[in-house]
Protein chains: 4
Amino acid sequence: MTKKPTKAAAASAAQAGSQMLEAAPASNRATRAAERRAAIVEAAMEEFIARGFAATRLDDIARRAGVAKGTIYLHFKDKESMFEELVRVVIVPVVARLTTLPPPVGSVRDLIEAFAGNFLKEVIGTRRGDLVRLIVAEGPRFPSVADFYYREVVSRGVAAMRALIELGIARGEIREKDLARYPQILIAPAMIAVIWQSLFERHAPLDARDMLRVHLDLIFGERRTT
Amino acid sequence: MTKKPTKAAAASAAQAGSQMLEAAPASNRATRAAERRAAIVEAAMEEFIARGFAATRLDDIARRAGVAKGTIYLHFKDKESMFEELVRVVIVPVVARLTTLPPPVGSVRDLIEAFAGNFLKEVIGTRRGDLVRLIVAEGPRFPSVADFYYREVVSRGVAAMRALIELGIARGEIREKDLARYPQILIAPAMIAVIWQSLFERHAPLDARDMLRVHLDLIFGERRTT
Amino acid sequence: MTKKPTKAAAASAAQAGSQMLEAAPASNRATRAAERRAAIVEAAMEEFIARGFAATRLDDIARRAGVAKGTIYLHFKDKESMFEELVRVVIVPVVARLTTLPPPVGSVRDLIEAFAGNFLKEVIGTRRGDLVRLIVAEGPRFPSVADFYYREVVSRGVAAMRALIELGIARGEIREKDLARYPQILIAPAMIAVIWQSLFERHAPLDARDMLRVHLDLIFGERRTT
Amino acid sequence: MTKKPTKAAAASAAQAGSQMLEAAPASNRATRAAERRAAIVEAAMEEFIARGFAATRLDDIARRAGVAKGTIYLHFKDKESMFEELVRVVIVPVVARLTTLPPPVGSVRDLIEAFAGNFLKEVIGTRRGDLVRLIVAEGPRFPSVADFYYREVVSRGVAAMRALIELGIARGEIREKDLARYPQILIAPAMIAVIWQSLFERHAPLDARDMLRVHLDLIFGERRTT
DNA sequence: CATGAATGAGTATTCATTCAT
DNA sequence: TATGAATGAATACTCATTCAT
């Protein structure tokens with residue numbers, strides 16, 4: 001079993017990717033363990049994204065993480081729970097950052113554009129975007145992952161969008177009142193962009209930023225030139 | 001080895017699912033083979049959708065199709081090419097039907113609504129919707145499938161949408177001229193609906209038809225009451 | 001899963017050891033399968049006896065049986081149930097033969113000596129004797145095996161012994177009336193002989209036949225010279 | 001490496017089980033080590049009895065003994081030699097006690113009954129009885145254990161029994177002169193009782209004491225009423 | 001001495017693929 | 001053609017053993 005209290009915290013600090021690791025401080029026992037755990041998470045994410053859950057070999061994860069196969073089992077109960085925990089560990093900090101909205105100064109469109117900018121930078125075309133596609137892919141076989149993702153990401157995102165939309169309607173920036181019933185519409189092009197980058201980028205690159213601007217023009221009924 | 005010329009045609013005629021099989025009058029050799037092939041395709045689709053490519057067992061496909069395991073290899077070279085052919089066989093007739101647009105009478109909005117209605121009926125919440133999710137899931141591991149899907153479905157769909165959008169702009173029904181550069185926006189909510197039904201229906205059902213109407217209201221800048 | 005009806009019967013006919021296989025008749029499908037199953041049982045018995053349950057490798061069983069590893073799983077669900085079925089398949093015919101008593105002519109001592117002679121020939125110093133030791137060894141970890149062995153062998157053997165003892169008492173051949181309460185005493189030296197042969201034969205060989213005669217002399221209070 | 005001279009002596013003093021440990025007054029280095037070693041031996045015996053050699057995990061032994069896994073290797077070279085030493089450490093004091101016969105006063109039957117009484121108390125239905133079954137179980141894979149057991153327990157026990165039997169014959173208490181050639185007969189029911197308790201107690205409890213009395217009645221040709 | 005994280009060889013089990021019938 | 005028994009490579013997971021702290 002994983003020893004959550006200590007390691008989870010450390011791993012969370014190390015976050016999801018070696019590129020984000022700060023300089024390693026005092027290399028004590030707990031720190032080493034956290035680093036290894038982070039390396040496993042990072043490696044597992046790469047492999048799962050590249051091959052999907054079933055086709056990913058723990059051998060490859062271990063090799064990529066630079067640990068022995070057995071070491072994985074010091075941190076995760078089995079392949080399934082590794083996948084589930086991995087999604088949590090990688091998703092949570094992203095959600096935290098995305099939902100930390102800037103103070104509501106300026107227009108609603110500015111707020112939404114700030115939000116979309118974050119999304120563009122943090123998700124689209126990144127490993128995390130691929131992770132979203134992975135969740136779409138494996139969700140049906142991992143109800144716990146789908147549940148977690150709905151609860152932590154989707155429902156919160158929808159709620160946040162709805163609040164912004166209602167604010168926009170109240171302030172007269174948004175004319176389409178029914179939009180508040182379907183905040184999914186607001187995010188749909190962004191989600192499509194995520195999937196598009198994963199699947200079709202080499203066939204036809206997509207300027208996600210510009211597409212989102214056009215979509216917001218539709219919603220706000222005006223023209224922006226960025 | 002699969003004997004493509006003969007069987008592929010037959011299977012294509014039998015299309016994608018036993019429920020669509022017409023009565024087989026003369027039960028000659030070729031017809032029997034086509035029926036079996038169709039049964040395998042149908043069964044394989046169900047299994048692949050339910051478990052994904054890697055986790056699906058040929059044993060289960062064979063059992064579901066009511067044939068012996070070895071029989072599958074009389075129709076398909078191996079599991080991979082079965083998956084690839086399956087996508088082709090199932091997708092092609094759908095595309096054919098979806099792209100058979102009604103004659104361009106009435107407004108562009110009517111045209112698009114007709115198109116969306118077809119999509120709702122034929123895809124969202126159906127096996128074929130699940131197949132779309134499956135393609136999103138397995139695309140990265142099956143470039144040939146992603147290529148095929150892009151070529152046969154996505155690029156055509158985008159082109160068709162673009163044509164409609166340009167017509168709408170020309171006729172003054174659509175004000176947002178940049179929309180023609182991103183026809184993906186038009187389909188984005190429909191795609192989201194497809195994925196939503198697969199993953200989150202039990203958490204929060206989504207009225208796809210109504211959502212699409214709202215989205216069209218945004219684009220056409222008017223209100224419709226269904 | 002094993003397909004009991006057909007195969008079990010065939011395997012039962014082939015019994016527990018190639019040395020007992022009759023000439024192979026028409027080598028049809030079912031017969032081939034039964035032969036393989038018998039070969040696996042035979043090989044498994046050898047390996048389990050030599051190494052115990054946990055230390056036995058299915059690889060070795062397969063190699064010894066001359067089949068591929070996967071073939072074992074066509075006949076047995078897993079290692080545990082292979083062990084359990086193996087005990088049944090090997091034990092049952094022995095019990096059948098041992099409990100087929102000769103007609104009760106002559107003295108009770110003659111009857112018991114006939115029984116003991118069978119036991120000596122069929123069990124002590126044979127593979128089946130080793131199997132008894134194996135059951136003693138693995139019984140605690142295989143309650144189902146211990147249960148089966150108690151039900152099919154021990155309780156029947158005890159009952160048969162008790163009947164004979166009571167007959168001996170009734171006829172005045174046996175003076176110790178309390179012996180009927182502990183038929184185990186009658187078999188104890190035979191069991192010890194079984195275990196002795198497995199463990200200490202090379203330290204000090206034991207003439208089981210003579211020992212049993214002495215033991216019967218004790219019980220019947222007379223002298224026999226074989 | 002184990003440092004036999006020192007530790008073996010200490011462990012031997014600590015004997016077989018923490019419940020037998022006297023209060024440790026001066027808790028110096030050597031004493032602490034001996035206590036740990038005794039704890040490991042005790043824990044190992046429990047685990048080996050419960051699961052057999054191969055299926056026992058050093059992790060479980062360490063946990064039960066309250067030491068770290070690595071500590072085991074400070075006392076024993078490896079799992080195999082731990083098992084071998086364990087048998088020695090546990091068996092030796094039992095033999096010592098059992099072979100410390102009371103002074104030969106009274107009849108031979110009294111002597112044998114005293115011996116049997118000891119055996120009943122010290123072995124049957126106790127951990128040590130289970131250990132006997134364990135030796136029977138693992139003997140074939142641990143020739144050194146079987147050798148040791150034969151040399152230290154079986155051959156001594158047989159010799160002691162033979163001496164008693166010959167004394168009984170000389171004194172006219174035992175009529176069956178051939179019994180001296182098979183002292184195993186004398187102990188057979190006791191051994192059966194040991195195994196019976198391990199395997200079949202829950203199916204049919206066995207009054208070992210009464211059974212032994214009946215057996216002695218057979219040998220001494222008289223009736224005793226406990 | 002004592003620890004327990006890390007290792008990696010070892011094993012049960014699965015499943016795509018073949019081929020004799 | 002169709003079958004399904006047989007195969008054996010592939011893979012998740014375990015656990016005795018080591019060694020840095």
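Convention: sequence-line order gives letters A, B, ...; per-chain numbering from 1.
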Test of understanding: with side chain to side chain contact (heavy atoms under 4.5 Å, CB included), list the residues that count as partners of [X], not counting sequence neighbours.
X: C/Ala55; answer: C/Arg51, D/Ala54
X: A/Arg63; answer: A/Asp60
X: C/Glu46; answer: C/Glu42, C/Arg64, C/Arg127
X: B/Arg88; answer: B/Glu84, B/Phe148

List for me each residue that meets salt bridge (charged side-chain N to carboxylate O under 4.0 Å, His left out) alongside [X], sequence neighbours excluded, and say none if there are none.
X: A/Arg36; result: none
X: A/Asp78; result: none
X: D/Lys69; result: D/Asp59

Residue pair A/Thr56/C/Ile72 against DNA chain F: nearer the 5' end by closest nucleotide is C/Ile72
Closest to the [X] side chain, choosing from [options]:
X: D/Asp78; options: F/dA5, E/dT3, F/dT17; result: F/dT17
X: B/Leu58; options: E/dT17, E/dC1, F/dC15; result: E/dT17
X: C/Lys79; options: F/dC13, E/dT13, F/dA6; result: E/dT13

Stacked cation flag C/Arg141 on C/Phe83, 6.0 angstrom / 45 deg: no
Taking atom [atom2] of [N] as reference, at what distance in whole Å does atom [atom1] of [X] sit?
X: A/Tyr73; N: F/dC15; atom1: OH; atom2: P; answer: 12 Å
X: C/Arg51; N: E/dG10; atom1: CZ; atom2: P; answer: 14 Å
X: C/Arg57; N: E/dA9; atom1: CZ; atom2: C1'; answer: 12 Å
X: B/Glu80; N: E/dC15; atom1: CD; atom2: P; answer: 17 Å
X: D/Phe76; N: E/dA2; atom1: CZ; atom2: P; answer: 13 Å
X: C/Phe53; N: E/dT11; atom1: CZ; atom2: C1'; answer: 12 Å
X: C/Lys77; N: E/dA12; atom1: NZ; atom2: P; answer: 15 Å
X: B/His75; N: F/dT1; atom1: NE2; atom2: C1'; answer: 9 Å

Item to complete: Could you tell me whether a side-chain N or O of C/Thr71 sits under 3.5 Å from a main-chain N or O of C/Val67, the two making a donor and an acceptor?
Response: no
inquiry  = Regarding E/dT7, can its base be found pairing with the side chain of A/Lys69 as donor and acceptor, where the two atoms are less than 3.5 Å apart?
reply    = no
Numerically ordered, the residues 59-68 of chain C set in heavy-atom contact under 4.0 Å with DNA chain F is C/Val67, C/Ala68
DNA chain F in dot-bracket form (Watson-Crick or G-U pairs under 3.5 Å, [ ] crossing, | inter-strand) is .||||||||||||||||||||
Exercise. If only side-chain N and O atoms of B/Arg36 are considered, is one of them under 4.0 Å from the OP1 or OP2 phosphate oxygen of F/dA2?
Worked result: yes
With A/Phe48 as partner, the option from A/Val87, A/Thr56, A/Leu131 fulfilling side-chain contact (heavy atoms from CB on, under 4.5 Å) is A/Thr56
Residue pair B/Ala55/A/Gly70 against DNA chain E: nearer the 5' end by closest nucleotide is A/Gly70
